[in-house]
Amino acid sequence: MAKMTAKYLVKKYKTRNPFELAKILGILIIYEPLGQMKGYYNTAFRKKMIHINNGLTKYEQKFTAAHELGHAVLHPKSNTPFLRNQTLFSIDKLKIEANRFAVELLISDEDITEVKHLTIEQMAAYFGVHKKLMKLLLEI
């Protein structure tokens, strides 16, 4: 679901930029101090919002935006801070799907083809993602 959704959005809107996609989709991005939290997605008054920690690097903000955009398009009714703090519902599945969406959005199949000779660790460093996310993208 995450891979198909990311590919659909890229094809339809001709961009891999999560900030551009959020704007096109009418999702408000708010930069604010969030302490140790990188970001979160929520809705209020039927308005979708992505909150991003303004203390992150530009790359971390981009990945966080892509991850939270994943929540917005894959889990539009979810409110992860509420789920985490107020229910026993596990958000692990939602987080994994949002991570998959983020890497599928940010890294194309063509990008992977160009570096397929590299190790997982080298690919992760090249694309600036964690090794676990690279493995998730490659389904290893």
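Because the structure is predicted, anything quoted here is derived from the model rather than measured.
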S.K.: Would F127 and I112 count as a side chain to side chain contact (heavy atoms under 4.5 Å, CB included) here? Give the steps.
M.R.: CA-CA 10 Å; F127 292 116; I112 296 297; 3.9 Å; yes
S.K.: Please check if V73 and M49 belong to a single hydrophobic cluster, counting links between Ile, Leu, Val, Met, Phe, Trp and Tyr side chain heavy atoms closer than 4.5 Å.
M.R.: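 Result: no, two separate clusters.
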S.K.: Hey, what do you get for CG (D111) to CG (L106), rounding to the nearest 0.5 Å?
M.R.: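 Rounded to the nearest 0.5 Å, the CG-CG separation comes to 10.0 Å.
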S.K.: Answer yes or no: are there more than 12 heavy-atom neighbours, outside Y126 itself, under 6.0 Å from its atom OH?
M.R.: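 Incorrect, the count does not exceed 12.
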S.K.: Any idea which heavy atoms bring L34 and I52 closest together, and the distance?
M.R.: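 Taking L34 first and I52 second, the nearest heavy atoms are CD1-C, 3.8 Å.
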S.K.: How far apart are the closest heavy atoms of M123 and L138, and which atoms are they?
M.R.: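 Closest approach of M123 to L138: SD-CD1, 3.8 Å.
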S.K.: How close do S108 and R16 get, heavy atom to heavy atom, and via which atoms?
M.R.: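 Here S108 and R16 meet closest at CB-NH2, 3.1 Å.
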S.K.: On a heavy-atom basis, which atom in I120 and which in M134 lie closest, and how many Å separate them?
M.R.: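 In this case the closest contact between I120 and M134 is O-CG, 4.0 Å.
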S.K.: Would you say K93 and K95 make side-chain contact, with heavy atoms under 4.5 Å?
M.R.: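 K93 vs K95: side chains apart.
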S.K.: Give, for atom CE of M4 and atom CG of L9, the distance between the pair rounded to the nearest 0.5 Å.
M.R.: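 Going from CE on M4 over to CG on L9, the span is 11.5 Å.
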S.K.: Tell me if a side-chain donor or acceptor on N53 pairs with a main-chain N or O of M37 at a distance below 3.5 Å.
M.R.: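 Answer holds: yes.
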S.K.: To the nearest 0.5 Å, what is the distance between OG1 on T43 and NE2 on H71?
M.R.: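 Going from the OG1 atom of T43 to the NE2 atom of H71 covers 13.0 Å.
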S.K.: Taking side chain as C-beta onward, heavy atoms only, is L28 less than 4.5 Å from K47?
M.R.: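 Answer yes - side chains close enough.
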S.K.: Can you confirm whether I107 sits close enough to L137 that some side-chain heavy atom of one is under 4.5 Å from a side-chain heavy atom of the other?
M.R.: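 Contact flag for I107/L137 side chains = yes.
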S.K.: So, does E68 use its side chain to make a donor-acceptor pair with the main chain of Y41 at under 3.5 Å?
M.R.: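 Confirmed, E68 side chain pairs with Y41 backbone.
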S.K.: Tell me the closest heavy-atom pair linking H67 and A102, and the distance in Å.
M.R.: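 Nearest pair, atom of H67 first, then A102: N-CB, 3.6 Å.
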S.K.: Membership question, hydrophobic clusters at under 4.5 Å side-chain separation (ILVMFWY): are L25 and I30 in the same one?
M.R.: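 No; L25 is not reachable from I30 via cluster members.
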S.K.: Give a yes or no on whether a salt bridge exists between E139 and R100, defined as a side-chain N under 4.0 angstrom from a carboxylate O.
M.R.: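 Judged by the 4.0 Å cut-off on N to carboxylate O distance, E139 and R100 do form a salt bridge.
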S.K.: Within the 4.5 Å heavy-atom criterion, are K7 and K3 side-chain neighbours or not?
M.R.: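 Yes, at least one pair of side-chain atoms sits under 4.5 Å.
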S.K.: What's the separation between atom CD1 in I27 and atom CD1 in I50, rounded to the nearest 0.5 Å?
M.R.: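 It comes to 5.0 Å.
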S.K.: List the atom of Y59, the atom of G128, and the distance in Å for their closest heavy-atom pair.
M.R.: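 For Y59 versus G128, the nearest heavy atoms are CE2-O, 2.7 Å.
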S.K.: Nearest 0.5 Å please: distance from the NZ atom of K116 over to the CG atom of L118.
M.R.: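 Going from NZ on K116 over to CG on L118, the span is 11.5 Å.
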S.K.: Would a single hydrophobic cluster contain both M1 and V10, if residues Ile, Leu, Val, Met, Phe, Trp and Tyr are joined by side-chain heavy-atom contacts under 4.5 Å?
M.R.: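 V10 and M1: one cluster.
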S.K.: What is the distance from atom NZ of K135 to atom NE2 of H130, rounded to the nearest 0.5 Å?
M.R.: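 So the gap between those two atoms works out to 10.0 Å.
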S.K.: Which of these passes side chain to side chain contact (heavy atoms under 4.5 Å, CB included) with F63: V103, L56, T57?
M.R.: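 Only one of V103, L56, T57 forms a side chain to side chain contact (heavy atoms under 4.5 Å, CB included) with F63, namely V103.
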S.K.: Please confirm whether the backbone N or O of T119 pairs with a side-chain atom of Q122, one donor and one acceptor, at under 3.5 Å?
M.R.: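 Such a contact is found between Q122 side chain and T119 backbone.
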S.K.: Side chains of L21 and L105: closer than 4.5 Å at any heavy-atom pair?
M.R.: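 When only atoms from C-beta onward are counted, L105 and L21 do touch, with a gap below 4.5 Å.
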